[in-house]
Amino acid sequence: MKRMTQALAITLALFPAAQALAEATAIDVRKTNGCGCCLSWMKHLEENGFVPTGQDMFGGLLVRFKLDNGVPQRMVSCHTALIDGYVIEGHVPAADIRRLLEERPDAVGLAVPGMPYGSPGMGPEDDREAYDVVLIRKDGSTEVFSSYAEG
């Protein structure tokens with residue numbers, strides 16, 4: 001009986017972890033080989049319940065991939081991800097990706113143009129520069145999705 005109680009306790013303790021893993025969301029990241037900030041952003045995603053897989057692409061092919069997937073040139077950053085029908089360009093915080101997936105707007109996706117210091121993967125958030133996360137509409141227009149103040 002004692003062994004059964006212990007086994008049940010272990011199973012119940014592991015259940016939340018198993019459930020969280022089952023609820024993790026896959027995200028396909030296209031990046032350049034050896035880019036440290038891309039890898040740091042992917043780690044940020046992992047820490048926030050995503051399962052990123054990285055695919056290295058040469059510069060010209062990566063730029064073509066971005067444009068072919070509806071990212072306007074003025075919104076370009078270093079890496080591009082695909083998730084559940086949306087494009088995520090650059091250092092977009094995981095919370096904004098979750099909000100996008102919950103709200104499901106009719107859009108191409110989200111972008112953080114450039115590489116703002118203190119955005120996920122680009123240094124400490126408590127010493128960041130101000131930046132916006134931009135929603136890219138299917139007609140190429142954009143609007144601010146969320147803003148992050150200087151920290």
Side-chain angles (χ1 to χ4, degrees), residues 11 13-151:
T11 302
L14 293 176
F15 182 75
Q19 185 177 8
L21 184 60
E23 293 173 359
T25 306
I27 183 167
D28 176 26
V29 182
R30 309 294 173 97
K31 61 185 188 60
T32 57
N33 185 30
C35 179
C37 69
C38 295
L39 296 175
S40 293
W41 183 70
M42 291 170 69
K43 182 177 180 195
H44 164 76
L45 294 178
E46 285 177 353
E47 291 169 349
N48 287 278
F50 290 91
V51 180
T53 55
Q55 180 178 342
D56 293 340
M57 298 180 81
F58 292 107
L61 293 175
L62 183 56
V63 171
R64 173 60 33 211
F65 180 81
K66 294 168 186 294
L67 298 175
D68 287 349
N69 281 281
V71 178
Q73 193 170 12
R74 68 188 184 284
M75 293 287 115
V76 167
S77 184
C78 64
H79 50 261
T80 306
L82 302 176
I83 184 168
D84 202 17
Y86 289 106
V87 175
I88 307 298
E89 179 67 16
H91 295 270
V92 176
D96 290 308
I97 299 170
R98 288 274 180 227
R99 180 177 152 212
L100 176 77
L101 295 175
E102 288 171 11
E103 294 180 5
R104 308 243 13 118
D106 186 27
V108 170
L110 298 175
V112 172
M115 298 168 68
Y117 184 75
S119 59
M122 289 299 298
E125 284 190 62
D126 60 350
D127 187 32
R128 70 173 172 238
E129 63 182 295
Y131 68 95
D132 291 329
V133 176
V134 179
L135 181 72
I136 304 169
R137 297 268 179 212
K138 290 185 177 178
D139 65 1
S141 64
T142 59
E143 65 184 67
V144 174
F145 188 75
S146 62
S147 293
Y148 292 83
E150 186 176 328

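In this chain, numbering begins with 1 at the start of the sequence shown.
Remark: T142 engages no residue in a side chain to side chain donor-acceptor pair (under 3.5 Å) (not counting sequence neighbours). Annotation: salt bridge (charged side-chain N to carboxylate O under 4.0 Å, His left out) contacts of R137 (sequence neighbours excluded): E143. In this structure, the side-chain contact (heavy atoms from CB on, under 4.5 Å) partners of V76, at least two apart in sequence or on a different chain, are K66, V71, E89. A search for salt bridge (charged side-chain N to carboxylate O under 4.0 Å, His left out) contacts involving D68 returns R64, not counting sequence neighbours. Evaluation of the side chain to side chain donor-acceptor pair (under 3.5 Å) rule for R99 yields E103 as partners, not counting sequence neighbours. Every side chain to side chain donor-acceptor pair (under 3.5 Å) that S141 has, sequence neighbours left out, goes to D139. Partners of E46 under the salt bridge (charged side-chain N to carboxylate O under 4.0 Å, His left out) rule, at least two apart in sequence or in another chain, do not exist in this structure. The side-chain contact (heavy atoms from CB on, under 4.5 Å) test applied to D56 returns K31, N33, not counting sequence neighbours. Not counting sequence neighbours, D132 has no partner by the salt bridge (charged side-chain N to carboxylate O under 4.0 Å, His left out) test. In this structure V108 satisfies the side-chain contact (heavy atoms from CB on, under 4.5 Å) test together with V87, I136, K138, sequence neighbours excluded. T32 meets the side-chain contact (heavy atoms from CB on, under 4.5 Å) test with C35, L62; sequence neighbours excluded.
In this structure, D96 and L110 approach most closely via the heavy-atom pair O-CD1, 3.5 Å. Heavy-atom minimum distance, V92 versus W41: O-NE1, 2.8 Å. Of all heavy-atom pairs between M122 and C37, the closest is SD-CB, 3.6 Å. In plain terms, the two heavy atoms of S77 and M115 that are nearest each other are OG-CG, 3.8 Å. Considering every non-hydrogen atom in both C78 and H91, the closest pair reads SG-NE2, 3.5 Å. Closest approach of R98 to G49, counting heavy atoms only: NH2-O, 3.1 Å.
Taking CG of L101 as the reference point, atom CZ of F50 lies at 6.0 Å (rounded to 0.5 Å). Atoms CD1 and CG, on I97 and N48 in that order, are 9.0 Å from each other to the nearest 0.5 Å.
Among residues at least two apart or in separate chains, ring-ring contact (aromatic ring centres under 6.0 Å, His included) pairs with a member in residues 116-151 are Y131-Y148.
Looking at heavy atoms from C-beta onward, L82 lies in side-chain contact with N69 at the 4.5 angstrom threshold. Taking the side chain as every heavy atom from C-beta outward, L135 and P105 approach each other to under 4.5 Å.
Under a 3.5 Å cut-off, the side chain of H44 and the backbone N or O of P93 do not form any donor-acceptor pair. Put simply, the side chain of R128 gets close to the backbone of A149: a donor and an acceptor are under 3.5 Å apart. Although no hydrogens or angles enter the test, the distance criterion places no donor-acceptor pair under 3.5 Å between the side chain of H79 and the main chain of R30.
Enclosure of atom CD in Q73 is not indicated, since only 12 or fewer non-hydrogen atoms of other residues, nucleotides or ligands lie within 6.0 angstrom.
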(request) Report the C-alpha distance between R104 and Y86 in whole Å, list the side-chain angles of each, state the deciding distance to 0.1 Å, and finish with yes or no for side chain to side chain contact (heavy atoms under 4.5 Å, CB included). (result) CA-CA 9 Å; R104 308 243 13 118; Y86 289 106; 3.4 Å; yes
(request) Determine, stepwise, if the pair D84 / T25 fulfils side chain to side chain contact (heavy atoms under 4.5 Å, CB included). (result) CA-CA 9 Å; D84 202 17; T25 306; 5.8 Å; no
